[in-house]
Amino acid sequence: MTASSATTPSPAARGGLGTKLLPSLGILLVTGGLLLLIWFAWLWFNPAPAPYRYTLVKEGAATQFGPLGLDAWPDLTVAQYEIHADGVNDPIALATTARRGATPPILISWENRSSELLISLDSKLNELTALAAAIDKYAAKDARILAWWDTSRQIKLLAGRDTLFTQHLGEPLILPLPWQAYSDSVRHYEDQFWGAPASADERRNFQHFVDALIAEPVKGAALLRQLAGLQDSAGKTPDKAPSEAYIVIHVTDLYKLGLMRPEQFDITYKHFPMEGNMHGMIGYLKKWMQENNFATYTLQSLSDSMVRGYFLRDEKSSHSLLAQMLPFTNSMPLDLTVLQLIYQQGGYWVYKIPSAADAAAAPSAVPAPTGAGADDAPRSDDAPTPATPAS
């Protein structure tokens, strides 16, 4: 036997060896692929814990929460939570929810106790209840209300009106920089806490709503008419159109819009202490704005000692529908003609959405109130308020 014949397999032997190895290798690959898919699936349904948690403090009928001013809604179940973050002793925020019956909870108040904006934005419950009472009193029973999804849920709960959004959408996701790596975990935790995620239709309509707010006023108002069901894409009025439609915005929608469309809406914020000298604070604010090349600003009152300034960097952002609906230094809501300002309460602004015919007949401009101008400090909670909401 030669060395070659002793050490080199015949072609048949080599073929037989390959025939035996290939199925085994295929089994390993398939098994490995299945294990990888199972691992990914496990991670999807069991993400790492969110870096915070809701801790229930108190729950009961609305009548047990007298200071909240919910006496007009005795059928609600109210719950108060502290939001605790890992490694922080004190709560970083306080949340109040309300629900009717066995329905999922709805956030009605959020008090941030952190220096960073997170999860939700500050709101005042007394402003919300006043808004809901006004809508219940003045808006037609079949009126449709358009608003950011969280405001929509609050209005439907407290005013009982038809709203475009009824489910928890969770957009945008508001996270401080250290929490960005936990975004998937946060979404999973929020979906579990607030109930089933929104339908594809609501998510699609919400994107159209955002499109309307970011558009220039005439185009944005036209998109709102379609979303409200006052007309379709062809400009025709549907058979089941509501008798009237409104849009409710809050000054915090500015920041949410910036997170949703950062390339189209350039906004930032800064907190300013109120130390009894309003003129001194305004002077510092204007200097800071000029040093950072911002185009305009508006203010939100957070408390008696703190305000939040929202700053737009470019003219394009300030010419969007949403910016024109709020009192920036280069805008005046009463000048807006594509929508009709009818009510303002704290950080909330309510506009009637006119039909296409009414919009075409609207005057081109409304004279600005005497004394309004860039030297004034525009604030969402002390701007001009029509004496009586339109019926």
Side-chain angles (χ1 to χ4, degrees), residues 45-132 148-160 163 165-176 178-179 181-198 250 252 256 302-303 347:
F45 291 105
N46 299 274
Y52 65 95
R53 62 193 179 279
Y54 293 92
T55 302
L56 181 64
V57 176
K58 180 181 179 180
E59 183 175 22
T63 53
Q64 299 177 28
F65 296 83
L68 297 184
L70 295 172
D71 294 344
W73 298 273
D75 60 327
L76 293 180
T77 298
V78 176
Q80 292 181 319
Y81 293 86
E82 292 181 346
I83 291 80
H84 289 273
D86 297 340
V88 181
N89 292 329
D90 296 327
I92 59 174
L94 303 177
T96 301
T97 70
R99 59 182 172 84
R100 187 170 281 114
T103 58
I106 293 174
L107 183 69
I108 59 174
S109 178
W110 181 273
E111 180 185 339
N112 191 3
R113 294 193 171 181
S114 165
S115 59
E116 299 277 357
L117 299 185
L118 45 86
I119 309 304
S120 187
L121 296 179
D122 306 80
S123 60
K124 296 180 179 180
L125 183 55
N126 65 322
E127 295 179 0
L128 174 62
T129 54
L131 169 70
W148 208 269
W149 64 266
D150 48 1
T151 305
S152 296
R153 284 161 56 82
Q154 294 166 346
I155 291 173
K156 188 172 183 64
L157 178 72
L158 299 179
T163 57
F165 308 114
T166 61
Q167 297 171 295
H168 183 89
L169 281 153
E171 295 290 347
L173 194 61
I174 305 173
L175 298 178
W179 287 7
Y182 296 91
S183 59
D184 289 343
S185 301
V186 170
R187 290 186 187 278
H188 180 75
Y189 182 58
E190 289 289 302
D191 285 345
Q192 284 187 320
F193 185 86
W194 298 108
H250 191 273
T252 55
K256 299 173 190 175
L302 300 179
S303 67

For [X], all residues meeting side chain to side chain contact (heavy atoms under 4.5 Å, CB included), sequence neighbours excluded:
X: Ala50; value: Tyr52, Val186, Tyr189
X: Ile106; value: Arg153, Gln154, Leu157
X: Pro172; value: Trp148, Ile174, Lys256, Leu259, Met260
X: Thr163; value: Ile145, Ser152, Ile155, Lys156, Thr166

- Query: Which residue pairs pass the salt bridge (charged side-chain N to carboxylate O under 4.0 Å, His left out) test with at least one member in residues 60-84, sequence neighbours excluded?
  - Reply: Asp75-Arg100
- Any salt bridge (charged side-chain N to carboxylate O under 4.0 Å, His left out) pairs touching residues 88-98, not counting sequence neighbours?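 Those involving residues 88-98 do not exist here.
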Determine whether [X] and [Y] make a side-chain contact, defined as any pair of heavy atoms from C-beta on separated by less than 4.5 Å.
X: Leu94; Y: Ile83; answer: no
X: Leu128; Y: Leu158; answer: yes
X: Pro104; Y: Trp194; answer: no
X: Thr97; Y: Val78; answer: no
X: Trp110; Y: Leu118; answer: yes

- Query: When you look at OH of Tyr182, are more than 12 heavy atoms from neighbouring residues, nucleotides or ligands closer to it than 6.0 Å?
  - Reply: no
- Task: Report the distance from atom CG of Leu175 to atom OG of Ser183, rounding to the nearest 0.5 Å.
- Result: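 Separation between the atoms: 7.0 Å.
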Distance-only check: which donor-acceptor pairs under 3.5 Å involve side-chain atoms of residues 53-65, not counting sequence neighbours?
residue, atom, partner, partner atom, Å
Tyr54, OH, Glu190, OE1, 3.4
Tyr54, OH, Glu190, OE2, 2.8
Lys58, NZ, Gln64, O, 3.1
Glu59, OE2, Arg99, NH2, 3.1

- Query: ring-ring contact (aromatic ring centres under 6.0 Å, His included) with Trp73: which residues, sequence neighbours excluded?
  - Reply: none
- Item | side-chain hydrogen bond (donor to acceptor under 3.5 Å, both in side chains) partners for Asp122, two or more places apart | Arg308
